[in-house]
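Only heavy atoms go into these numbers, but all of them, side chains included; no hydrogens, no water, no symmetry mates. In this chain, numbering begins with 1 at the start of the sequence shown.
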Amino acid sequence: MRLAPCIALALLLAACSSGPPPRDPTAPRSSVPGDLASIPDAVPRHEPRSTRGNPASYEVFGKRYHLLPSAEGYKERGVASWYGPDFHTKATSSGEPYDMYAMTAAHKTLPIPAYARVTNLANGRSVVVRINDRGPFVANRIIDLSYTAAHKLDMTRAGTVFVEVEVITPESPPSTLRPQQATGPLRLFLQTGAFGVAENARQLAARLGAAGISNVTIVAPDRSSRLHRVRIGPIADVTTFDMLAERVGQLGMDTLLVTQ
């Protein structure tokens, strides 16, 4: 288990490197691929649960995490990060050595192993990864990608991006299994509540405004939902998202990253 997947050095490498990060001196030179873009995505297959890395619950940095009983149907939007040289060749939570050049990822609560399609919501690039590790144990991060997966999503320079993570299986439709390239970035919002009664939505919006949070809107019911949805945004970048998520959390509200 990685207890600090996003330490300062890793963030510095992610933000400042325009090429592959420094090769781990303990790794054989032949293990460093010449063309990361040509490395194939993970291919979902049926595997038994790992004997390691799958406790019913575990605690890191004072917070307890409970594993999902099944990976089936999991789909979430949030922020992805990546991890590289500091962990290369070291044991993952499953016991397998971490290979920063493989198409793998870490997740806090999905069963190990699991397969997921990860889509960069800023550019539409999509990859398939095999989840074999735990993390990232940083607020507002939902998945930690290998260096190659991050490279193929074009996120190594930024370090973090908004993504959609969707679990896939060998039975998933072929269009889900193949890497995809969508067009254009999505407009992202932080949803803080959804109510059947309009007045409740107005009260929440007023509370957010009183707390100094701007760009609050109420989305009226439509064909997709009968609820009045309170949203903040659009959100321009991960830094803004982190700030808003922290402020909303201090008010005791749950949040959901959505598009509009």
Side-chain angles (χ1 to χ4, degrees), residues 2 5 10 13-14 17-24 26-50 53 71-72 74-76 80-85 87-107 110-136 142-183:
R2 298 172 305 102
L13 288 168
S17 176
S18 59
R23 183 180 63 86
D24 187 280
T26 65
R29 184 173 297 276
S30 60
S31 70
V32 182
D35 182 11
L36 297 178
S38 68
I39 295 176
D41 280 14
V43 177
R45 61 188 178 91
H46 293 292
E47 297 184 71
R49 283 201 180 195
S50 170
E72 185 177 353
Y74 174 88
K75 187 175 183 179
E76 185 177 5
S81 52
W82 66 271
Y83 63 123
F87 303 96
H88 189 58
T89 73
K90 296 180 180 178
T92 63
S93 297
S94 64
E96 302 169 356
Y98 171 58
D99 182 352
M100 60 189 282
Y101 302 110
M103 293 297 290
T104 61
H107 193 278
L110 280 171
I112 291 176
Y115 292 83
R117 185 179 70 179
V118 183
T119 302
N120 183 340
L121 296 178
N123 60 21
R125 293 190 183 187
S126 178
V127 297
V128 176
V129 295
R130 179 176 178 267
I131 296 169
N132 68 344
D133 202 1
R134 292 286 171 227
I142 64 170
I143 197 166
D144 219 4
L145 300 169
S146 69
Y147 174 72
T148 295
H151 176 83
K152 292 174 73 171
L153 291 179
D154 192 24
M155 60 168 283
T156 54
R157 184 180 294 275
T160 56
V161 294
F162 293 113
V163 297
E164 179 178 272
V165 179
E166 181 178 11
V167 163
I168 56 178
T169 67
E171 292 77 29
S172 296
S175 60
T176 304
L177 302 176
R178 289 194 299 267
Q180 298 179 353
Q181 177 76 57
T183 57

In the structure I gave you, are the side-chain heavy atoms of [X] and [Y] within less than 4.5 Å of one another anywhere?
X	Y	value
K90	P97	no
R157	H151	no
V127	R117	no
H88	D99	yes
M155	L145	yes
V167	E72	no

Say you draw a straight line from [atom1] of [X] to [atom2] of [Y]; how long is it, rounded to the nearest 0.5 Å?
X	Y	atom1	atom2	value
I112	I131	CD1	CD1	8.5 Å
I39	M103	CD1	CE	8.0 Å
R125	N120	CZ	CG	8.0 Å
S126	L153	OG	CG	7.5 Å

Would you say S94's side chain and G53's backbone share a donor-acceptor pair under 3.5 angstrom?
no
Is the shortest distance from a Lys or Arg side-chain nitrogen in D41 or K152 to a carboxylate oxygen in the other one below 4.0 Å?
yes
Can you give me the closest heavy-atom contact between [X] and [Y], atom names plus distance?
X	Y	value
P170	R45	CG-CA, 3.6 Å
A114	A71	CB-CB, 4.3 Å
H107	I142	CD2-O, 3.2 Å
A106	P136	O-CD, 4.1 Å

Will you find, in the side chains of [X] and [Y], an N or O donor that is under 3.5 Å from an N or O acceptor?
X	Y	value
Y74	E76	yes
E47	Y115	yes
S146	T148	no

Sorted by chain and number, sequence neighbours left out, side chain to side chain donor-acceptor pair (under 3.5 Å) with E96 holds for R130, N132
Full working for side chain to side chain contact (heavy atoms under 4.5 Å, CB included) between D133 and T104:
CA-CA 8 Å; D133 202 1; T104 61; over 6 Å; no
Just do the side chain to side chain contact (heavy atoms under 4.5 Å, CB included) check on L121 and V161 with the steps written out, would you?
CA-CA 8 Å; L121 296 178; V161 294; over 6 Å; no
Going by the ring-ring contact (aromatic ring centres under 6.0 Å, His included) test, name the single residue among W82, Y83, Y147 that passes it with Y98.
Y83
